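Note that this is a predicted model, so its numbers are computed, not measured.
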Amino acid sequence: MRLTIFQRLAIGHVIILLIFVALGVYMATALEGLVYRLDSSARLSAGASRQINALEEDLLAQLSFEEKYLIARDADYRQQVERVGNAVQTRLVRLADQARSPVTTTAIGRIQAEHRRYQADFEHLTEVEAADTGSGSEYRSARDALFEAIFAHLEEARRLFVADHEEQMAELSRSGGQLLRVSLLLGIVALLLGVGVAFINARGLDRTLK
């Protein structure tokens, strides 16, 4: 069946419209994915920073409760040490879940191991009642050195999370540049196709008029 000139014009315009609609859908989908990844990375980095800050506060609170227990030998203080210690381990598990690189996971694993060692040493101390003897000062020295290592590893973890975030930002920047180039190329192709369809329709109309 031979199409009339008006039918050909209508089909040509529909083709041009579909080309630009497809380009718009692609651009919107790609940009939405890019924005989602950017937002996810920002929220993850902020969440890790908050977890590390809370860990530092919990560790200091645990030390404070321990010192009060060693002085007063009040069972309530010992329970507070255990409660805060459990909270620290829970936060470390959450922090490990947010790690994006094996190096970060390893740093958090060291903190977990050192904190468990501290808890085991404190448990042993309370069992043998060593705080009332000369070994109490030795315990405190070892504990302080262990906590210094824990805080140092926490700062390392913070630095690694920042580095992971910056690396992801650089990757997103590269993805954005690639998306811009692809979109520009597709836009040029769509424009050429539109011009081609318009040219074919114009020639058909010209022949019909002649």
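Checking side-chain atoms of T106 against main-chain N and O of P102 turns up a donor-acceptor pair under 3.5 Å.
Side-chain contact of R116 with Q119: a donor-acceptor pair under 3.5 Å is absent, judged by distance alone.
Nearest heavy-atom pair across Q89 and Q112 is NE2-O, 3.6 Å. The two residues L92 and I108 have their closest heavy-atom pair at O-CG2, 3.7 Å. For the pair Y77 and F65, the tightest heavy-atom approach, listed with the atom from each and the gap, is CB-O, 3.7 Å. Across L55 and V88, no two heavy atoms sit closer than the pair CD2-O, 3.6 Å. Minimum interatomic distance between Y69 and D74 (heavy atoms only, all atoms of both residues): CD1-O, 3.1 Å. Among all heavy-atom pairs drawn from A157 and I52, the shortest one is C-CD1, 4.1 Å.
The OG1 atom of T105 lies 9.5 Å from the CG atom of L95; values are rounded to the nearest 0.5 Å. Remark: Q80 CD to E66 CD distance equals 13.5 Å, nearest 0.5 Å. In this structure, CZ in F161 is found 8.0 Å from OG in S101, a value given to the nearest 0.5 Å. Note that CG of L70 and CZ of R140 are 5.0 Å apart. Values are rounded to the nearest 0.5 Å. The distance from atom CZ of R91 to atom CD1 of I111, rounded to the nearest 0.5 Å, is 13.5 Å. Interatomic distance, CG of D164 versus CZ of R159, reported as 10.0 Å (0.5 Å rounding).
Linking ILVMFWY side-chain heavy atoms closer than 4.5 Å, directly or via other members, places L59 and L125 in a single hydrophobic cluster. One hydrophobic cluster, built from ILVMFWY side chains closer than 4.5 Å, holds both L60 and V81.
Using a cut-off of 4.0 Å between Lys/Arg side-chain N and Asp/Glu carboxylate O, R78 and E82 are scored as salt-bridged.
The side chain to side chain donor-acceptor pair (under 3.5 Å) with H153 is formed by just one residue from the set E114, H115, R158, E148; it is E114.
The aromatic rings of Y118 and F147 stand perpendicular to each other, their planes meeting at an angle above 60°, with 30° marking the opposite boundary.
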